[in-house]
Amino acid sequence: MRVRLFQAFASNNSGSYTLVGRFPDESRAGEAAAALGAMCAAHSTWCEAAGHAGSLAESPLAAFAREHGLVGVPAELDDHWPEHGPPPSVVHVGPQVLVLVPYTVTMPRALGEYIYRSGGRVDLEIDHGHDPLAAEVSLWAPGGHADQAARDRVEAVRARIDTELPALTARAAYDTRPVIAPAWFRGDWGQLHLAAEFTDAAAGVLRVRELCRDAGVEVHVRIFEISRRDPDPFAARRGDGRHAPGRYRVALWSAGASRVAVMKVVRALLGCGLDAARVHVGELPKELLLGVSRDAAEDAVRRLREVGADAEAFAPDPSG
Amino acid sequence: MAFAQPEHEIELPPFLRGMRRYALDGALLAFDPRTGVTAICDGEETRHLRRRLPRVVQFAITNICNLDCGFCSRDADEPSTWTVDEAAALLGELSAAGVLEVAFGGGEPFLFRGFERLLHRLRDETELAVSITTNGTRLDDALLERISGTYAQLRVSAYDDNDVAGTLGRLAAHGACFGVNWLLTPARLPRLEDEVLGLLDAGCRDVLLLAYNGDDPELHLEPAAWAEAALRIEHLSRAFAGRIALKLDICWGRRMAGVPQLFGVEACAAGADFVVITSDRKLRPCSFHDLALPIAGAADVLRLWTEARARLATPATRPGCAREPDFGYARLGRRAAGLRVVAP
């Protein structure tokens with residue numbers, strides 16, 4: 001008998017699962033991929049026959065775990081294997097092994113365990129992944145943009161939020177992706193907006209809102225999806241939206257003699273606070289802008305060089 | 001014969017055995033009236049089962065209300081014909097027959113004379129899970145104390161003028177199980193994220209997004225806005241997963257097809273899974289339906305549920321019904337320039 005348990009009409013949407021393991025050499029990666037691939041194929045067939053329910057004790061996955069001394073196998077099938085989508089695909093590319101499942105709730109921990117057990121490391125595991133979500137928080141103070149006191153309150157709370165953004169946007173320990181720098185920018189009517197991919201969207205937005213409320217500043221929130229493949233999904237918003245999107249990048253190699261002047265330009269280009277600009281200038285060399293148009297990149301380089309910095313615009317693909 | 005057992009004899013996993021049982025078509029539903037935990041079990045053992053009565057009774061016990069909302073479908077001047085004793089008797093018989101839940105609405109149910117007494121009787125005399133939809137204006141600390149333990153869930157209708165945050169604060173302080181009903185209209189859509197965030201901030205963990213049913217074209221989401229609304233609801237649902245549950249009213253139908261839902265976009269179950277009992281002793285498929293069949297008691301409810309199934313399965317005439325390919329928007333006529341739906 002199949003039992004589906006719920007308390008309300010909450011969604012049970014499925015996501016993708018990605019595991020990337022790295023081995024010291026290609027041959028060991030090939031062996032691991034072959035073993036994992038054979039087990040995944042056999043286990044998918046077994047799950048189908050079992051109706052995607054019941055004990056896993058006699059499954060190919062459990063046998064594989066016993067053979068390799070793995071413990072990360074659930075007792076019941078439950079949501080730990082794709083039911084509706086295609087079975088897991090396991091490939092190896094050079095020394096890397098990729099396990100890709102486009103549509104599942106989750107996958108057993110034993111897969112990652114096997115990578116380590118057979119001499120590799122897990123580079124990346126995305127469990128129940130969808131493209132990430134970002135939040136855009138718009139700030140305004142009663143009085144409007146024409147009111148200097150209101151503008152001052154907004155700027156003050158921006159500085160306060162800036163100090164907390166690194167903590168609110170930090171990646172989890174297992175997540176090796178670089179943090180996407182939050183973007184401050186002004187809209188057509190001079191209103192200040194913050195775009196950020198918070199570690200926890202709800203916690204991040206609630207904290208920003210709390211800080212704003214304490215300062216008498218109102219907020220409006222939008223949640224939107226950003227592409228995982230986009231190195232800087234906020235590029236078009238940075239610098240008050242002056243950077244038209246494109247394929248160019250801007251690297252800052254050195255600050256030169258006037259670090260403060262460079263920090264001011266960095267702040268303007270990135271739409272970040274002074275503290276964040278100080279961090280950027282302290283971590284050189286650094287790619288300041290990603291995914292901007294050629295004109296925007298060249299303009300940024302010109303402004304940086306005007307204050308003595310060594311900066312360069314380039315496209316990753318020479319044909320671009 | 002193992003595969004033709006009545007639902008109460010079918011073997012269930014131990015953790016489901018104490019729950020109330022309800023036969024679906026080909027499946028068995030187990031329900032805990034205290035927590036709302038529900039299990040749908042299906043297999044060879046349940047294939048023969050057939051639904052034989054409504055699972056939920058929505059009870060508009062009074063039409064009287066102390067608010068005057070423009071979108072409300074009730075005739076607030078129509079007095080209730082029910083007494084506490086009569087309502088308790090009706091619901092007691094329905095509970096004994098196998099109905100699992102009663103969901104009170106109205107009108108404002110807390111304006112029904114003797115409503116608190118009715119809640120206590122239902123707790124003492126029936127197995128029903130009691131849900132109450134209220135505007136919250138009467139829910140002061142003393143009342144919440146008096147009705148503590150008599151209901152499974154309170155649902156507060158969020159309007160722009162009924163101090164929802166204050167009500168939610170009191171409910172949270174009393175440890176009540178509660179949710180918010182929020183009517184999603186074109187004027188409210190731009191504030192969707194802010195409102196949900198505000199409700200989360202106020203302690204709410206459950207928001208039901210209602211679709212409007214009625215004749216005012218200004219309150220219907222235009223087809224051009226459906227996809228955007230669905231996308232934003234899906235994003236909110238994911239972003240706040242584990243913090244707040246976003247639920248969709250069944251009337252949305254395929255208008256919110258883009259939002260992942262537990263069992264996909266289901267057909268409207270009005271008249272089958274649930275029925276409405278009105279303040280003037282009529283049986284309706286849903287609150288917005290014009291079909292109103294007179295009833296004298298529980299036996300009539302159960303008889304009409306069987307005999308009038310075809311009529312109970314018809315669409316409501318009020319625009320907004322998911323049973324209509326165009327959601328009844330054509331009935332809005334020329335006033336509704338943007339409300340043109342291409343039927344699937």
Side-chain angles (χ1 to χ4, degrees), chain A residues 1-16 50-55 76 78-79 84 103 105 128-140 193 196-214 218-226, chain B residues 10-13 15-16 19 27-32 35-47 153 177 179 190-198 200-201 205-206 208 231-250 259-264 266:
Chain A
M1 178 187 290
R2 177 174 65 165
V3 177
R4 289 173 288 173
L5 198 64
F6 59 98
Q7 188 178 18
F9 299 112
S11 69
N12 67 342
N13 55 325
S14 292
S16 64
H52 293 277
S55 166
E76 298 280 325
D78 200 10
D79 289 326
H84 302 293
Y103 195 73
V105 175
H128 198 101
H130 295 271
D131 269 340
L133 294 167
E136 186 172 306
V137 187
S138 308
L139 287 67
W140 82 96
H193 308 270
E197 184 195 10
F198 292 109
T199 316
D200 175 324
V205 168
L206 285 173
R207 180 59 182 154
V208 169
R209 191 169 127 123
E210 185 183 4
L211 292 172
C212 288
R213 275 193 176 165
D214 290 348
E218 302 288 331
V219 299
H220 171 78
V221 179
R222 286 291 300 266
I223 305 286
F224 58 102
E225 202 163 39
I226 53 179
Chain B
I10 291 174
E11 188 73 17
L12 289 180
F15 67 99
L16 299 179
M19 294 188 180
L28 178 60
L29 185 147
F31 176 69
D32 180 348
T35 61
V37 169
T38 305
I40 294 179
C41 313
D42 56 6
E44 281 300 319
E45 311 92 315
T46 64
R47 195 156 293 170
Q153 173 188 233
C177 175
R191 294 190 279 127
L192 172 67
E193 289 84 354
D194 297 330
E195 291 285 347
V196 172
L197 196 65
L200 175 65
D201 221 9
R205 299 294 177 263
D206 174 333
L208 174 63
L231 185 67
R232 288 169 59 189
I233 291 167
E234 192 233 328
H235 286 168
L236 262 180
S237 178
R238 282 169 48 198
F240 294 171
R243 307 297 185 86
I244 193 163
L246 291 180
K247 302 173 181 177
L248 290 171
D249 171 12
I250 195 76
V259 182
Q261 295 173 44
L262 188 61
F263 298 120
E266 291 185 280

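Letters A, B, ... are given to chains in the order of the sequence lines, protein chains preceding strands, and every chain is numbered from 1.
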Against chain A, work out which of B/Ala30, B/Ala27, B/Gly198 has the most heavy-atom pairs shorter than 4.5 Å and name it. B/Gly198
What part of B/Leu200 is in contact with chain A, defined as an atom under 4.5 angstrom from a non-hydrogen atom: side chain, backbone, both or neither? side chain
So, using side chain to side chain contact (heavy atoms under 4.5 Å, CB included) as the criterion, who are the partners of A/Arg207 when residues are at least two apart? A/Arg160, A/Glu164, A/Leu168, A/Glu210, A/Leu211
Looking only at heavy atoms, what is the nearest atom pair of B/Leu246 and B/Ile233, with distance? CD1-O, 3.8 Å
Any donor and acceptor pair, going by atom type alone, linking the side chain of A/Ser138 with main-chain N or O of A/Glu136 inside 3.5 Å? no
Might you work through the side chain to side chain contact (heavy atoms under 4.5 Å, CB included) test for B/Glu193 and A/Val205, ending with a clear yes or no? CA-CA 11 Å; B/Glu193 289 84 354; A/Val205 168; over 6 Å; no
Side chain, backbone, both or neither: which part of A/Ala203 has a heavy atom under 4.5 Å from chain B? both
